Amino acid sequence: WMAINIFIFVWFYFLYDLGDRFFYTRHLLGYTVNAQLIIAPAAVLNFNCLLILLPVCRNLLSLVRGSFVCCGRTMRKQLDKNISFHKLVAYMIGLMTAVHIIAHLLNVEWYYNSWHGEYDALSMALSRLNDSGNTTYLNPIRSTTTTPNLLVFTTIAGITGVIITLALILMITSSMEVIRRSYFEVFWFTHHLFIVFFAGLVIHGAGRIVRSQTNANPPYNITFCKDHIEDWGKKKMCPVPQFAGGFPQTWMWVIGPMVLYVCERLLRFIRYIQAVKYRKVMIRPSKVLELQLVKNGFKMDVGQYVFLNCPAISQLEWHPFTMTSAPEEDFFSVHIRSVGDWTQKLISIVEQLPEGAQGPKMGVDGPFGTASEDVFDYEVAMLVGAGIGVTPFASILKSIWYKFKDSNPELRTRKIYFYWLCRETHAFEWFADLLQVLEREMEDRGMGDFLTYKLYLTGWDQSHATHVMVHADADTDVVTGLKQKTNYGRPNWDKEFEQVCQENPTSVVGTFLCGPVVLATVLSKKCVKYTDVDPRKTKFYFNKENF
């Protein structure tokens with residue numbers, strides 16, 4: 001992506017500098033690079049505006065990720081970084097827009113000064129060419145009353161440029177992490193200014209502000225004519241030079257992605273109006289809401305996620321939630337923690353429902369693929385969840401239980417290491433039941449070594465520590481009721497990776513994380529550190545959930 005950006009920028013930068021058709025344009029702008037810094041960034045902008053919508057076409061990505069045989073593990077890992085790529089493309093659009101604007105503003109000053117004869121005679125002659133139809137001019141300033149400000153705010157290119165810039169500034173600033181997490185509604189509504197941005201972008205090129213000389217017959221002798229202004233229109237080799245703006249090209253770059261995105265939104269709308277029924281609604285400990293939903297034709301895979309919309313809260317807001325159910329179940333479920341206005345309002349609505357009543361109307365879009373979808377492609381899997389980030393692994397562990405129950409011969413995975421990091425003891429409660437069932441199931445089948453799980457409590461007080469010490473000799477853990485005792489503090493990841501290497505000396509290990517970026521950085525480095533160049537040794541591949 002970066003290589004293509006550099007190539008496009010360099011190509012159009014030097015393309016402007018070649019040939020005679022831009023000779024008078026370069027002279028009028030003082031032989032500066034200003035016009036080149038309009039054309040080259042504009043070309044890069046076109047390329048990135050082609051890309052910006054594709055990473056947010058979730059159905060398209062799911063199709064590519066899950067349906068095409070040619071889409072291998074490496075490619076799928078890149079597709080899982082769609083939001084990161086979307087942000088990178090947006091940063092490039094912001095950078096190129098800034099360069100494009102600065103160059104335009106400098107050029108307006110050159111145009112204005114050339115009209116008023118502040119440079120040389122050729123610049124003034126080019127600016128004052130007699131053009132009754134105002135179609136073959138070079139200098140867009142056509143009268144003494146036109147000021148730079150008037151040119152910016154009265155031309156197609158100027159007005160649309162201002163609108164595009166304002167929309168882009170609002171979209172980028174509202175996308176900052178602090179705004180997105182604390183004021184999601186501001187981010188969501190402001191981000192839809194992309195409609196205004198694309199509309200202005202398509203119209204912007206129609207202003208044709210950067211112009212070049214048109215071909216003449218016989219050919220225009222620029223070497224002679226540039227020094228003989230008085231002969232323009234009098235000699236055959238020096239006709240009065242004619243100029244025209246380039247054909248608008250932006251629409252050709254963005255029309256395809258725009259059509260794909262419209263189709264994406266239509267599909268989302270169709271899914272939104274499809275009926276969703278509640279199978280069960282319950283409030284788990286730590287204000288975690290569990291919704292068990294049923295929808296006709298809904299099929300899922302492990303680790304996938306859906307977007308939920310509750311019209312009673314907002315007609316427009318959609319929020320992603322990883323499904324905690326298994327594909328083998330006749331419903332799909334999500335666990336929603338009370339974080340932010342939308343989730344708090346949803347939990348409040350559910351708490352006020354009468355006994356046995358159905359929940360509020362819910363729109364469901366999905367399912368969509370994630371990195372966790374590939375867990376059964378590995379012989380050994382390390383699953384790391386932080387807080388509510390355990391949800392995709394709930395789906396995986398449930399599916400494993402069903403596969404063992406049905407003696408599924410297609411189960412390739414032979415060992416799973418599960419790590420769950422929580423700040424509070426209450427967070428363990430809603431998930432401990434599943435682990436207890438799995439613990440008993442594995443023991444009954446003589447496969448106690450298949451699942452190794454370690455729970456880590458990262459925050460506790462002195463009273464809790466005293467309580468744990470008193471019950472230290474109990475058969476089960478005082479926090480979870482499981483045979484595996486809860487660990488306190490954070491994992492020693494070097495120790496954990498060394499253990500995996502020793503127990504699986506020739507295996508390919510998939511490391512999956514649903515948690516914060518800081519933890520992702522640590523685990524990705526450990527995967528690199530403990531992957532030996534010797535193909536006979538253990539290999540680690542890092543995968544992270546991205547929403």
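All values below were derived from every heavy atom in this structure, side-chain atoms included, with hydrogens, water molecules and symmetry-related copies excluded. All values reported here derive from a predicted model rather than from experimental measurement.
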>> Can you classify the ring geometry of Tyr261 versus Phe194 as parallel (below 30°), tilted (30 to 60°) or perpendicular (above 60°)?
In response: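 Answer is perpendicular, since the angle exceeds 60°.
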
>> Can you tell me how the ring of Tyr530 sits relative to the ring of Phe497, calling it parallel under 30°, perpendicular over 60° and tilted otherwise?
In response: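 Parallel: the ring planes of Tyr530 and Phe497 meet at under 30°.
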
Once you round to the nearest 0.5 Å, how far does [atom1] of [X] lie from [atom2] of [Y]?
{"X": "Ile101", "Y": "Leu168", "atom1": "CD1", "atom2": "CG", "value": "8.0 Å"}
{"X": "His100", "Y": "His204", "atom1": "NE2", "atom2": "NE2", "value": "4.0 Å"}
{"X": "Leu88", "Y": "Ile52", "atom1": "CG", "atom2": "CD1", "value": "9.5 Å"}
{"X": "Leu267", "Y": "Cys57", "atom1": "CG", "atom2": "SG", "value": "10.5 Å"}
{"X": "Leu193", "Y": "Ile172", "atom1": "CG", "atom2": "CD1", "value": "12.0 Å"}
{"X": "Phe368", "Y": "Gln304", "atom1": "CZ", "atom2": "CD", "value": "9.5 Å"}

What are the two closest non-hydrogen atoms of [X] and [Y], and how far apart are they?
{"X": "Thr160", "Y": "Gly200", "answer": "CB-O, 3.8 Å"}
{"X": "Ser314", "Y": "Asn309", "answer": "O-ND2, 3.2 Å"}
{"X": "Asp374", "Y": "Tyr378", "answer": "O-CD1, 3.4 Å"}
{"X": "Ile93", "Y": "Cys49", "answer": "CD1-SG, 4.0 Å"}
{"X": "Gly303", "Y": "Ser395", "answer": "N-OG, 3.4 Å"}
{"X": "Leu383", "Y": "Ile396", "answer": "CD1-CG2, 4.2 Å"}

> Between Lys544 and Leu523, does a side-chain contact (heavy atoms from CB on, under 4.5 Å) hold up when you go through it step by step?
Replying inline: CA-CA 10 Å; Lys544 184 183 182 300; Leu523 290 177; over 6 Å; no

>> What verdict does the ring-ring contact (aromatic ring centres under 6.0 Å, His included) test give for Tyr419 and Trp493, after you've listed the backbone C-alpha separation in whole Å, the side-chain angles of each residue and the deciding distance to 0.1 Å?
In response: CA-CA 11 Å; Tyr419 306 85; Trp493 289 115; 5.3 Å; yes

Polar side-chain atom of [X] near backbone of [Y] as donor-acceptor pair, under 3.5 Å:
{"X": "Thr531", "Y": "Phe540", "answer": "yes"}
{"X": "Glu264", "Y": "Arg58", "answer": "yes"}
{"X": "Ser333", "Y": "Ser325", "answer": "yes"}
{"X": "Asp365", "Y": "Gly363", "answer": "no"}

Above 12 or not: heavy atoms from other molecules or residues under 6.0 Å from [atom1] of [X]?
{"X": "Met176", "atom1": "CE", "result": "no"}
{"X": "Trp251", "atom1": "CH2", "result": "no"}
{"X": "Phe189", "atom1": "CZ", "result": "yes"}

Answer with yes or no whether the side chains of [Y] and [X] bring together a donor and an acceptor at under 3.5 Å.
{"X": "Lys415", "Y": "Thr452", "value": "yes"}
{"X": "Asn5", "Y": "Asn48", "value": "yes"}
{"X": "His191", "Y": "Ser174", "value": "no"}
{"X": "Gln344", "Y": "Ser348", "value": "no"}
{"X": "Asn59", "Y": "Arg271", "value": "yes"}
{"X": "Asn504", "Y": "Tyr417", "value": "yes"}

>> For Trp318, run the ring-ring contact (aromatic ring centres under 6.0 Å, His included) check against Phe269, Phe307, Tyr272, Trp342 and tell me which one passes.
In response: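 Among Phe269, Phe307, Tyr272, Trp342, the one that satisfies the ring-ring contact (aromatic ring centres under 6.0 Å, His included) with Trp318 is Tyr272.
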
>> My understanding is that only one of Phe321, Tyr278, Phe298 makes a ring-ring contact (aromatic ring centres under 6.0 Å, His included) with Phe332; could you say which?
In response: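 Among Phe321, Tyr278, Phe298, the one meeting ring-ring contact (aromatic ring centres under 6.0 Å, His included) with Phe332 is Phe298.
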
So do [Y] and [X] actually touch side chain to side chain, heavy atoms under 4.5 Å?
{"X": "Met258", "Y": "Leu53", "answer": "yes"}
{"X": "Ile283", "Y": "Val350", "answer": "yes"}
{"X": "Trp1", "Y": "Val89", "answer": "yes"}
{"X": "Leu45", "Y": "Thr97", "answer": "yes"}
{"X": "Tyr183", "Y": "Thr190", "answer": "no"}
{"X": "Phe47", "Y": "Leu51", "answer": "yes"}
{"X": "Pro55", "Y": "Ile83", "answer": "no"}
{"X": "Glu328", "Y": "Lys398", "answer": "no"}

> Is Glu498 paired with Lys495 through a side-chain N to carboxylate O contact shorter than 4.0 Å?
Replying inline: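 The answer is no: the pair does not qualify as a salt bridge.
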
>> Under a 4.0 Å threshold between the charged nitrogen and the carboxylate oxygen, would Lys454 count as salt-bridged to Glu496?
In response: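 Answer for the salt bridge query: yes.
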
>> Can you confirm if the NZ or CZ of Lys529 lies within 45° of the ring axis of Phe542 and under 6.0 Å from the centre of its six-membered ring?
In response: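 Because its charged atom misses either the 6.0 Å distance or the 45° angle limit, Lys529 does not stack over Phe542.
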
>> Before you tell me yes or no, could you show the steps for Gln274 and Asn296 under side-chain contact (heavy atoms from CB on, under 4.5 Å), namely the whole-Å CA-CA distance, both residues' side-chain angles and the distance that decides it to 0.1 Å?
In response: CA-CA 8 Å; Gln274 290 175 333; Asn296 288 335; over 6 Å; no

> Under the side-chain contact (heavy atoms from CB on, under 4.5 Å) criterion, do Leu308 and His319 qualify, and how do the steps go?
Replying inline: CA-CA 5 Å; Leu308 299 184; His319 295 268; 5.7 Å; no

>> side-chain contact (heavy atoms from CB on, under 4.5 Å) for Val202 and Ile255? Distances and angles first, verdict last.
In response: CA-CA 9 Å; Val202 170; Ile255 188 67; over 6 Å; no

> Does the pair Phe393 and Tyr453 meet the rule for a ring-ring contact (aromatic ring centres under 6.0 Å, His included), with working shown?
Replying inline: CA-CA 12 Å; Phe393 308 134; Tyr453 64 90; over 10 Å; no

>> Tell me every residue that passes salt bridge (charged side-chain N to carboxylate O under 4.0 Å, His left out) with Glu379, counting only those two or more places apart in sequence or in another chain.
In response: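 Glu379 satisfies salt bridge (charged side-chain N to carboxylate O under 4.0 Å, His left out) with Arg414 only.
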
